[in-house]
Structures are given as structure tokens and as C-alpha cells.
Amino acid sequence: MKPSVILYESLPDDLLSRLTEHYQVTEVNGLDADTVAAHAETFKQAVGLLGSGGKVDQALLDKMPALKACSTISVGYDLFDVEALNQRNIALMHTPTVLTDTVADTVLALMLASARRVTELDSWVKAGHWTQNITPEQFSIDVHHKTLGILGMGRIGKAVAQRAHFGFDMNILYTARSAHTDAEERYSATRCELDQLLKKSDFVCVILPMTEQTRHMIGPEQLAMMKSSAILINAGRGPVVDEQALTQALKEKTIYAAGLDVFEQEPVPTDAELLTLPNVVTLPHIGSATHETRYAMKKDGLNNLLAALSGHTDKNCVNPDALKKA
């Protein structure tokens, strides 16, 4: 009998057939308590877990004694209790490479849309207000030759820096725990402290994971440091930015605008004051949401799971050090 795997996100037929060649696959609609209870015996026997969006904590792991590997179809893994996985020597795999360019494209789209007031003026035209030549009230601000500050110079940060430096001749500043000499050499990027970056940047781009250290890293004090002509872009994790403070800053024109692909609560509540403001571009967390990239992510997630269950965790593994200690 084939070993059992729980699949909590749909796969294209060609990828699903690859998985079913080696494993008995049970497809479930999420990892909530009711679903787990309804498939209790299957969860008990499962050696693998593949999907995204479900919380994998100690309570779930207690119901999965045979589990050997989790593979999330995402870069972020804040829904996983990594320490609990480490205690059980369970591999956690993720997909950090295949969505880099797509997310970087989204960041540039947010920069352009926010600076040039694309969505605001699109609505203005469609509402029938364009009845004569535009006036300075409809003017916007340039992107080229400006200073871009990047919080998080990882793969996506470097892809954004590449586009900004070579495509828009922008000056690049960044904050990171350690220096990235490759970005400094290739994109003339300069590492600096957060306060300095906020004060000097025309665009502040957040591409950080959600941790206790990054939660509300951008709050009232940090927003007040930014130029009144500056634009905040968040394509990392919503809670890195204090959304209430950002809403207030946008209302009071403390900063010029914002472009957001992530939020503290997703989906955004329909009555959120943020959604009433003209100087913010809001996207429904579409950073990696293209047909090509989502397929590539699922393929990568599948390959990661198959590799981990075969004992190969040298690539795309979140917790390799914990596994080596086993």
C-alpha cells in the first residue's frame, strides 16, 4: 500500500498524476478542525502535507504522528510552527525562487500606479470628469531618477533594485541584517539604517517577512520621518506596516501615497477607512498571481515534497539545521 499524503490545495492534472504515482493522495478543503476530524484516520497515517494557507501548529501535528515533511506552496511560512516541526524532525519546504520576478514586477506596478495616480485618474475619466484639458490638480510625480529605499534585500529586493536601477535610473538604498555586496556592486545600492533610509527615500518599499521583530516596523514615528512627497509600497507582509497609522498619514498627507498588495487583515474589511482614500492603490495580494507563476509554484512545491520524503532537503528547506541534528 502506498504511503499517504494530504493535499490541501488543488494541483493541475499533470502534477497530481505525478504525486499519485508514488502516494495515496487525499484532497481536503483546508486544515480546519472540522476537516481534520472528518479525515482523522488519513491525517493520522499521512507522511506528507502539501498546500498553502492552512495553519500547521502543535494541535495539528498531534493528530499527524507519521508526518515526515510539509511543503508549502508559498515563500512565507508564518502559518507553520517551525519549532514544533523541529522537535519532531519534520522537514518544512517552501518555494522562494519561482515567484521572484513576478512579485518584483508587481512592486514596480505599484510604484508607477501610485506615483502617476493611475487607478485614481482611471476612475476620474470613467466618471466623466475629463471634459477639458487637465489642470495641475490631475498632475502626478515622476518615478525615474528618484531614490528607492528597500526594506529587505533578499531575492525579491534585488530583483526590484535591478528593475529600478537599470530601468528607471533610480538611486538605491537598503536596510538588511548584513551587507549585500552583490547588490552594492551591480546596482550601486547603499546600505544604511532605517531612519536614514526613511528620510532620504522618495519610495519606501517593504519586502519583509512577518516576524515578531518586523511587526509594525513602519508605524507613526517612521511615517513621520518620510518625505511628504514619498510613497510607501508594501509587498511583503501586511502587519509589518501599522495600517491605522498609515491610514492617518495618508489622510493628513504626511506622505504622498501608498501602494499595497498586503494588509493586516486579508481580505480587507469592506468598511476599512483605507479603502475610501484616493491616494492609495490597493491590490488583493496578487504578487505571485499569474497563471505561469502559480503553476511553477505548485510544481516546485510538489518537487520539494517528493524530495523531502526521499530524504533530500538540500534545496528549499526552511529548517535543514534542525534536521541535521536528528
Side-chain angles (χ1 to χ4, degrees), residues 2-32 35-36 39 42-100 102-103 154-156 209-210 237 285 287-289 291-324 326:
K2 297 177 183 177
S4 178
V5 164
I6 299 291
L7 176 63
Y8 62 105
E9 180 168 335
S10 63
L11 292 179
D13 290 343
D14 60 325
L15 300 183
L16 182 60
S17 66
R18 282 186 55 206
L19 185 59
T20 56
E21 282 179 21
H22 305 283
Y23 296 95
Q24 180 68 39
V25 179
T26 300
E27 297 186 59
V28 298
N29 185 23
L31 299 177
D32 58 90
T35 299
V36 176
H39 299 274
T42 303
F43 274 83
K44 183 179 179 180
Q45 297 174 2
V47 297
L49 194 60
L50 174 62
S52 67
K55 191 171 185 179
V56 179
D57 54 12
Q58 188 63 59
L60 178 63
L61 294 179
D62 288 342
K63 294 177 173 58
M64 303 188 72
L67 190 63
K68 295 180 180 178
C70 300
S71 180
T72 178
I73 304 174
S74 64
V75 177
Y77 48 87
D78 43 288
L79 291 175
F80 289 78
D81 186 336
V82 179
E83 184 54 37
L85 294 173
N86 291 344
Q87 291 297 320
R88 287 265 307 276
N89 302 317
I90 298 170
L92 174 57
M93 315 297 286
H94 67 148
T95 60
T97 59
V98 294
L99 50 65
T100 298
T102 303
V103 176
R155 291 183 181 88
I156 296 171
M210 178 56 217
R237 282 293 182 264
H285 204 147
S288 64
H291 293 293
E292 300 92 335
T293 295
R294 288 297 173 88
Y295 177 87
M297 289 173 67
K298 290 183 177 184
K299 182 178 180 180
D300 210 28
L302 171 61
N303 289 339
N304 288 340
L305 181 66
L306 295 176
L309 289 174
S310 299
H312 302 292
T313 54
D314 53 315
K315 178 183 177 183
N316 296 338
C317 184
V318 172
N319 57 344
D321 291 339
L323 300 177
K324 290 175 184 177

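In this text the structure is predicted, and so the values were computed from the model without any measurement. In what follows, residues are counted from 1 in the order of the sequence shown.
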Using 0.5 Å steps for rounding, measure from the [atom1] atom of [X] to the [atom2] atom of [Y].
| X | Y | atom1 | atom2 | answer |
| --- | --- | --- | --- | --- |
| Ile6 | Thr26 | CD1 | OG1 | 5.0 Å |
| Ser74 | Asp300 | OG | CG | 11.0 Å |
| Thr313 | Asp321 | OG1 | CG | 10.0 Å |
| Leu11 | Ile73 | CG | CD1 | 5.5 Å |
| Leu79 | Ser52 | CG | OG | 9.0 Å |
| Lys298 | Asp14 | NZ | CG | 11.0 Å |

Are the side chains of [X] and [Y] in touch, meaning some heavy atoms are under 4.5 Å apart?
| X | Y | answer |
| --- | --- | --- |
| Leu50 | Leu19 | yes |
| Tyr77 | Val56 | no |
| Tyr295 | His291 | no |
| Leu16 | Leu302 | no |
| Asp78 | Pro209 | no |
| Met297 | Leu99 | yes |
| Val103 | Val75 | no |
| Leu309 | Lys68 | yes |

Strictly distance-based, threshold 3.5 Å: is any side-chain N or O of [X] a donor or acceptor partner for the main-chain N or O of [Y]?
| X | Y | result |
| --- | --- | --- |
| Asn316 | Met93 | no |
| Asn319 | Leu92 | yes |
| Asp57 | Leu60 | yes |

On a heavy-atom basis, which atom in [X] and which in [Y] lie closest, and how many Å separate them?
| X | Y | value |
| --- | --- | --- |
| Arg18 | Leu306 | NH2-CD1, 3.5 Å |
| Arg155 | Thr97 | NE-CG2, 3.5 Å |
| Asn304 | Ser71 | CB-OG, 3.7 Å |
| Leu7 | Val25 | CB-CG1, 3.9 Å |
| Ala289 | Arg294 | CB-NH2, 3.7 Å |
| Leu61 | Ala84 | CD1-CB, 3.7 Å |

If you count heavy atoms of other groups shown closer than 6.0 angstrom to [atom1] of [X], is the number above 12?
| X | atom1 | answer |
| --- | --- | --- |
| Asp13 | CG | no |
| Asn29 | CG | no |
| Tyr23 | OH | yes |

